[in-house]
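Letters A, B, ... mirror the listed sequences (proteins, then strands); counts begin at 1. Since the model is a prediction, treat every value here as computed from it, not as a measurement. In what follows, every heavy atom counts, from backbone to side chain, and hydrogens, waters and symmetry copies are set aside.
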Amino acid sequence: MMTKDDILQGLNEPQKQAVTAAAVPLLVVAGPGTGKTLTIVRRIAWLVHQGVNPANILAVTFTNRAAREMSERTGALLGDQTRDVFIGTFHLLGLRILRETLGSDLTLLGREEQTDLLKPLVGDSSRKARTAAERISRIKNGAEKADKETRGLMERYQTALRDRKAFDFDDLILTPVELLADPAVLSRYRNRFRYLIIDEYQDINPLQYRLIKLIAEDGGGLCAVGDPDQAIYAFRGSDLRNFLDFEQDFPKARRITLSENYRSSGAIVQASGSMIRNNRARLDKNVNAVRDQGARLTVLSLPDEQDEAAAIAGEIEGRMGGTSHYRIYTGAGTGSQDGSYGFSDFAVIYRTNAQAKVIEEAFNAAGIPCQVLGRGGTRQNKERDEMIAYLRSVIGEDGPGTLVDGNADKLLTLADQYDPRADAVALMTMHMAKGLEFRVVFIAGAEDGLVPYTLMKEVCDIEEERRLFYVGMTRAKDELFLLHSRIRFLYGRKLTPEPSLFLGEIPSELKDNKLVPDRKKKQSENAQMGLF
DNA sequence: GGTGCGCGAGTTTTT
DNA sequence: CTCGCGCACC
């Protein structure tokens, strides 16, 4: 049987405190690379070891990926008892409450079906329907208020849903919140879920907050985990203040900060830390590198985005040089510390998907395998399919009623998801990079206009953009390159951007500035690139 | 119902 | 610049 020492083994002091803390409202501030998931998993094990009924524990995440990881790692510790712990996404929790309260005869609508349903209500325009679907979603999540017109539309939409016993994604949370207004229902769930662990608490939206608040009551069993410096989803309603105000919200709260970073070199930890300290809306926290100082960051100035892509390709080639045959025989090398690289040790991250194309082309030309994330055939289908596949795997296909309308194709391909085993360089947005880590990271387009993003919209939340840049920087384990072009073609426009102001916030002793001069003649390009 | 042209918009996105 | 929608025409 698992002992107390087993559960605490290998933990640092604040991690131990977070694992063993008594059931008071607990705020765990977990900076990048500080062992957040490890801590959560051990806390679950700790609670069970203390005699808590596993069925009284609720661990909520945002993504299926996170839920799966948490579930697997908990399973490795607790074995069979894991079954009774609720580990899942907000939406899965909502679905469970829905089914237990209303019965299981319900239909779940994906974004596409939702748009189809809305289409006749907005004058048969699929464009309008999609816009409406997005607005309705934001309204349901409490991210935006409905105007009169939208309210009318929503009423008709909800009627259409009710006629079909159908629920959209947001209803999976909104309806449970409504159901919990019934004291009998509420007490049932309060009694069941006495210990709540909420992952990525900095990213919860007002609706999710309401759900948690209802179940958690005075927060006695609530453990909120996250990093306010990594809140990057305000555009879809996430509200950082839920995290920042936790201690006012739950006056008996205790805060524990995990500050030992095991992921990145000292230079990367310090550089990202100096940069993010320019934000005001944050909790004062230090992140200390456990690892050596390592190499300085490289800030690379390039003539244009083609050169930027070529420079990245060149750096990768330089690190892969001559080892490719060897690699074939040793298998994928993610995380290998022996100095030899696999392609999957590299990632290129950027602010907008539009930047991917040039880079992909340069990689293709150089023979560098890459996977571009976030590009899906039909994204809506993919989303729904993934959701359905996941719900099936958790709930099972049986039971009365249909979980979803339509047929289940397995075209359930995750082809566009990040596959860490693929021996390919990963290309993705800063948003998608959250939670991942790579030995070598290239941030492309570190320019004013892109980060902070102001190209299409004047208004910009500079602190949110800084957090996004922070997420990007902190993905790197060993080496970090920050690239900016002096000329960039985007949306048919020729831009002449300044370097991102965030670059200037990195102390000069932590970075090397390199500049590739404008080429006068084309043939000099190779010589210039050879410098790197 | 299928093809083609013109116009307009164009961050970030899980479930 | 590129894509996709909506409309017009076959």
Trainee: In this structure, how many angstroms lie between the P atom of B:dT13 and the CZ atom of A:Phe169, rounded?
Mentor: 16 Å

Trainee: Rounded to the nearest Å, what distance is computed from the CD atom of residue A:Glu134 to the C1' atom of nucleotide B:dT11?
Mentor: 12 Å

Trainee: What is the separation between atom CG on A:Leu490 and atom C1' on C:dC1, rounded to the nearest whole Å?
Mentor: 9 Å

Trainee: Figure out the CE/C1' separation between A:Met456 and C:dT2, and round it to whole Å.
Mentor: 12 Å

Trainee: Starting at atom NE2 of A:His91, determine the distance to atom P of B:dT14, rounded to an integer number of angstrom.
Mentor: 12 Å

Trainee: Tell me the interatomic distance from A:Tyr233, atom OH, to B:dT12, atom P, rounded to whole angstroms.
Mentor: 12 Å

Trainee: Any ion pair linking A:Glu465 and A:Arg351 (charged N to carboxylate O, less than 4.0 Å)?
Mentor: yes

Trainee: Check the phosphate of B:dT14 against A:Asn64, side-chain N and O only, distance under 4.0 Å to OP1 or OP2. Yes or no?
Mentor: no

Trainee: Roughly, in whole Å, what's the span from CZ in A:Phe235 to C1' in B:dT12?
Mentor: 4 Å

Trainee: Is the shortest heavy-atom distance from the side chain of A:His484 to the side chain of A:Val299 under 4.5 Å?
Mentor: yes

Trainee: The side chain of A:Thr429 is closest to which nucleotide in this list: B:dT14, B:dT12, C:dT2?
Mentor: B:dT12

Trainee: Parallel, tilted or perpendicular for A:Phe469 and A:Phe502, by the 30°/60° rule?
Mentor: tilted

Trainee: I'd like a table of atom pairs between the protein and nucleotides 4-7 of chain C - only N or O on both sides, under 3.5 Å - with the distance next to each one.
Mentor:
unit_1: C:dC5; atom_1: OP1; unit_2: A:Arg130; atom_2: NH2; d: 3.0
unit_1: C:dG6; atom_1: OP1; unit_2: A:Ser125; atom_2: OG; d: 2.6
unit_1: C:dG6; atom_1: OP1; unit_2: A:Ser126; atom_2: N; d: 3.2
unit_1: C:dG6; atom_1: OP1; unit_2: A:Arg127; atom_2: N; d: 3.2
unit_1: C:dG6; atom_1: OP2; unit_2: A:Ser126; atom_2: OG; d: 2.8

Trainee: Under 4.5 Å between any side-chain heavy atoms of A:Thr82 and A:Pro54, yes or no?
Mentor: no

Trainee: Tell me whether the OP1 or OP2 atom of C:dC3 has a side-chain N or O from A:Tyr491 closer than 4.0 Å.
Mentor: no

Trainee: Side-chain N or O of A:Lys357 versus OP1/OP2 of C:dT2: is the shortest distance under 4.0 Å?
Mentor: yes

Trainee: Is the shortest side-chain N/O distance from A:Asn353 to OP1 or OP2 of B:dT13 below 4.0 Å?
Mentor: yes

Trainee: Say whether A:Glu134 and A:Thr131, considering side chains only, have a donor N or O and an acceptor N or O under 3.5 Å apart.
Mentor: no

Trainee: Compute whether any side-chain donor of one residue and acceptor of the other, for A:Gln114 and A:Glu112, lie under 3.5 angstrom apart.
Mentor: no

Trainee: Between atom CZ in A:Phe62 and atom C1' in B:dT14, what is the gap in whole Å?
Mentor: 9 Å

Trainee: Taking the nucleotide of DNA chain B with the closest heavy atom to each, which residue, A:Glu464 or A:Thr63, is nearer the 5' end?
Mentor: A:Glu464

Trainee: Search all heavy atoms of A:Lys140 against all heavy atoms of A:Asp170 and return the closest pair with its distance.
Mentor: CD-CB, 3.8 Å

